[in-house]
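Input: a single structure, listed below in structure tokens.
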Amino acid sequence: MVSISLKDGSQREYPKGVTLLQVAQDISPRLAKNAVIGVFNGELTGLNTMIYEDGDLDLLMFEDQQAADVYRHSSSHVMAQAVKRLWPETKLAIGPAIDRGFYYDFDSSHTFTPEDFALIEKEMNAIIKADYPFVRKELSREEALDYFSKQDEVYKVELIQDLPEDATISLYQQGEFVDLCAGPHVPSTGKLKALKLMSLAGAYWRGREDNPMLQRIYATSFPKKSMLDEYLHKLEEAKKRDHRRLGRELGLFTIVEEGPGFPFFMPKGMILRNELENFWREEHRKAGYQEVRTPIILSRELWERSGHWDHYQENMYFTTIDEGDYAIKPMNCPGGMIIYKQDLHSYRELPIRMGELGLVHRHELSGVLHGLMRVRAFTQDDAHIFMLPEQIIDEIKGVIDLVDRFYSLFGFPYHVELSTRPEDSMGTEEDWEIATNALIQALNEKGIEYIVNEGDGAFYGPKIDFHLQDSLDRTWQCGTIQLDFQMPEKFDLTYIGEDGEKHRPVMIHRVIYGSIERFIGILTEHFAGAFPTWLAPLQVRVMPITERQHDYALQVRAELEKQDIRVDSDLRSEKIGYKIREGQLQKIPYLLILGDKEKEADTVAVRHRKQGDIGAMPLAEFISKIKKEINEKAL
RNA sequence: GCCGAUGUGGCUCAGUGGCAGAGCAGCUGAUUCGUAAUCAGCAGGUCGCCGGUUCAAGUCCGGCCAUCGGCUCCA
């Protein structure tokens with residue numbers, strides 16, 4: 001017998017060789033139905049695994065992310081099986097579960113089109129109906145290589161060759177289909193229910209540009225049709241929050257063919273932008289920053305000195321002036337260096353925190369442009385901090401605090417990544433180690449969790465990145481803190497120390513918003529265009545019900561303007577419902593509806609964009625209410 | 001840059017080789033109305049661009065550009 005301890009602390013005895021599914025069945029038929037995968041003695045274990053030793057068991061349902069991953073992973077095998085049936089010459093690459101679904105990469109002479117989706121889905125459903133068990137087989141490296149070589153599955157062969165010497169090589173088979181796979185899987189294909197193929201994409205084998213491009217099919221699956229429908233509905237809703245759509249609908253910005261990647265900001269977008277910049281200046285003043293502005297175009301010689309010529313050239317735009325070569329700045333730092341060098345600096349001045357809202361241009365590949373999130377011209381809310389080596393940790397922590405101050409104000413969840421030395425970089429191994437450790441120490445002292453991106457740093461130093469999410473949960477790097485020992489060296493920056501000698505300062509590059517453009521994109525999606533009142537391009541719209549109240553409406557509007565509230569009025573001869581509808585669609589925080597009653601009583605009827613009609617009140621009361629909301633930057 | 005898809009009025013979209021359409025938005029007029037769409041009329045298009053096939057191309061073919069979804073890359 002084996003003794004199995006369950007999560008609730010209870011223990012059950014079973015004959016040796018009992019499967020997890022049988023255990024689940026014994027506990028409750030519903031659990032057996034809903035369980036996707038087990039965790040037995042800490043190991044993710046398939047439900048049809050037989051148990052020969054005592055242990056702790058936790059049965060996971062789809063709602064658990066690990067279980068969902070297994071479920072999707074099994075789904076990807078079924079998709080591969082269907083594709084192999086339909087196009088037998090197709091070679092298989094990899095097919096993992098991802099956040100909300102799964103994909104499989106194929107190499108096929110057949111070019112998949114969305115029209116194939118129905119066909120593949122139909123075949124997948126047939127495979128599910130056949131209810132093939134997922135059978136695990138372990139075999140030696142030689143056997144595995146031999147098997148996949150014979151099948152001409154070149155990608156699988158490559159994968160096996162790259163597995164560590166001591167790795168267990170396992171296959172999973174369902175029906176006629178066999179795939180190299182570590183597992184585990186659901187017990188059988190019949191466990192899978194609601195599947196949908198989502199999209200096609202090209203993807204380089206192993207993500208390397210010089211490798212062949214494979215055809216990737218993205219799909220998702222759920223244990224219930226209703227869950228799939230709900231997911232699809234959410235996707236539709238998310239599309240309505242897309243900043244590119246809202247940018248047009250709300251008149252914030254536009255990008256046209258005449259300037260791919262070069263956004264135009266329209267009057268309403270500029271109001272939003274200016275509010276963000278005002279707030280930025282205020283906070284940076286408080287945090288001890290000075291502000292500078294450096295030129296957009298600077299000489300080739302400068303970029304050679306900074307290292308950009310060698311390390312960043314393919315991202316830069318160039319121009320010629322009087323036969324001299326110039327570059328349009330892709331970063332603000334060299335300009336900052338020049339400003340620092342205009343004066344001699346004492347150690348007593350440090351740290352010098354020098355901010356710049358700097359417009360940079362970068363040549364991004366055409367395929368990566370994406371609304372305001374990925375553009376070719378953007379404004380970085382940059383700053384360069386020049387400091388003593390012993391000030392490094394405190395300064396980094398100061399920036400981390402500032403980032404948190406900004407992101408919490410908007411209610412943005414974010415995650416942090418640490419990027420280390422890339423291949424194409426400047427400086428000594430020692431400098432990089434000191435710099436990287438300083439970033440790690442600051443993160444640790446702040447108690448911030450982070451993931452590491454090996455080799456993803458800037459060419460001059462390692463960095464801490466802050467990532468925010470868009471409406472589809474894609475993440476975008478916004479804030480970043482980069483520690484740099486190289487630029488001060490290249491530009492021979494110095495300060496006079498206590499000893500009267502020249503010393504080398506250390507430098508931080510940092511941004512909070514990252515790029516104002518990207519941040520506005522994130523902001524728009526986060527609030528679905530309903531910006532907090534302090535940011536809203538238009539804060540109040542006054543709408544009289546009939547012409548009888550036009551005078552009163554203009555009077556109210558004038559008073560609000562006098563109070564620096566952004567207000568307009570809708571005097572068209574439309575029904576009030578029509579005006580309200582437009583006001584709501586424009587996501588204006590407050591609509592003031594003025595009829596005879598209000599005019600008579602000298603009040604305004606207030607409609608809040610989310611709370612709806614909140615009743616009439618004296619204008620003065622409304623003004624103090626909205627001013628409080630604006631001053632507090634309330635969400 | 002690479003893979004795939006898409007490109008028709010300001011917006012959303014119909015139009016499968018034979019006279020370029022609809023709804024919304026816009027303009028004009030009527031309507032004066034109480035919390036998400038009043039009615040009527042008018043105007044608006046080199047069908048992304050260039051070339052080809054054809055008696056005839058929005059439609060078929062080729063090239064380019066842009067956009068969308070990915071890959072790679074990054075704020």
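Numbered from 1 within each chain, the chains take letters A, B, ... in sequence-line order.
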Exercise for the section: Give V368(A) one of three labels, base, sugar-phosphate or nothing, depending on what nucleic acid heavy atoms sit under 4.0 Å from its own. Expected result: base
Completion exercise
Test ring-ring contact (aromatic ring centres under 6.0 Å, His included), reference H526(A), set F412(A), F410(A), W476(A), output is F412(A)
Problem - Below 4.0 Å: OP1/OP2 of G69(B) and any side-chain N or O of R244(A) - result: yes
Handout entry: Distance below 4.0 Å between R362(A) side-chain N/O and C73(B) OP1 or OP2
Key = no
Practice task
Pick base, sugar-phosphate or nothing for K597(A), based on heavy-atom distances below 4.0 Å to the nucleic acid.
Solution key: base
Handout entry: Any R581(A) side-chain N or O less than 4.0 Å from OP1/OP2 of U35(B)
Key = no
Practice task
Indicate whether F378(A) forms a stack on A75(B); treat it as stacked only if centroid distance is below 5.5 angstrom and interplanar angle below 30 degrees.
Solution key: yes
Exercise for the section: Assign R607(A) to base, sugar-phosphate, or nothing according to its heavy-atom contacts below 4.0 angstrom with the strands shown. Expected result: base
Practice task
State whether the distance check finds a donor on one side and an acceptor on the other, under 3.5 Å, for side chain Y204(A) versus base G1(B).
Solution key: yes
Fill in the blank from the handout: Walking RNA chain B from its 5' end, the first of E598(A) and E209(A) to be reached, judged by nearest nucleotide, is E598(A)
Practice task
Would you classify R374(A) as touching base, sugar-phosphate or nothing, given that sugar-phosphate means primed atoms plus P, OP1 and OP2, and contacts are heavy atoms under 4.0 Å?
Solution key: base
Problem - R557(A) NZ/CZ over Y552(A) ring centroid, <6.0 Å and within 45° of normal - result: no
Practice task
Answer yes or no: does a side-chain N or O of Q215(A) lie under 4.0 Å from OP1 or OP2 of C3(B)?
Solution key: no
Exercise for the section: Using the closest heavy atom to pick a nucleotide of RNA chain B for each, name whichever of L585(A) or R216(A) lands nearer the 5' end. Expected result: L585(A)
Practice task
Report yes or no: does K597(A) contribute a side-chain atom to a donor-acceptor pair with the main-chain N or O of A616(A) at less than 3.5 Å?
Solution key: no
Practice task
Classify the side-chain pair H110(A)/D116(A) by whether it contains a donor and acceptor separated by less than 3.5 Å.
Solution key: yes
Handout entry: C33(B) phosphate, OP1 or OP2, under 4.0 Å from R548(A) side-chain N/O
Key = yes
Problem - Listed nucleotide nearest any side-chain atom of A605(A), set G34(B), A75(B), G69(B) - result: G34(B)
Practice task
Describe the nucleic acid contact of G577(A) in one word from base, sugar-phosphate, nothing, applying a heavy-atom distance below 4.0 Å.
Solution key: sugar-phosphate
Problem - Under-4.0 Å side-chain N/O to phosphate OP1/OP2 contact, Y578(A) with A25(B) - result: yes
Handout entry: side-chain N/O H363(A) vs G1(B) OP1/OP2, d < 4.0 Å
Key = no
Practice task
Using the ring of F265(A) (Phe, Tyr or Trp, six-membered ring only), decide whether R273(A) places NZ or CZ under 6.0 Å from its centre and within 45 degrees of its axis.
Solution key: yes
Which pairs, protein N/O on one side and nucleotides 9-16 of chain B N/O on the other, fall under 3.5 Å?
| from | atom 1 | to | atom 2 | distance (Å) |
| --- | --- | --- | --- | --- |
| U12(B) | OP1 | R248(A) | NH2 | 3.3 |

Practice task
For residues F112(A) and F117(A), establish whether the separation of their ring centroids is below 6.0 Å.
Solution key: no
Problem - Under-4.0 Å side-chain N/O to phosphate OP1/OP2 contact, K463(A) with A75(B) - result: yes
Problem - Touch class at under 4.0 angstrom, heavy-atom based, for R609(A) against every strand present - result: nothing
Problem - Sub-6.0 Å ring centroid separation between F102(A) and H73(A) - result: no
Practice task
Check whether any side-chain N or O of S573(A) sits under 4.0 Å from OP1 or OP2 of U32(B), and answer yes or no.
Solution key: no
Completion exercise
Among the nucleotides G69(B), U35(B), C74(B), whichever has the atom closest to the side chain of D613(A) is U35(B)
Problem - R572(A) vs G26(B): side-chain N/O to OP1/OP2 distance below 4.0 Å - result: yes
Exercise for the section: Please work out whether the ring planes of H308(A) and F459(A) are parallel, tilted or perpendicular, with thresholds of 30° and 60°. Expected result: perpendicular
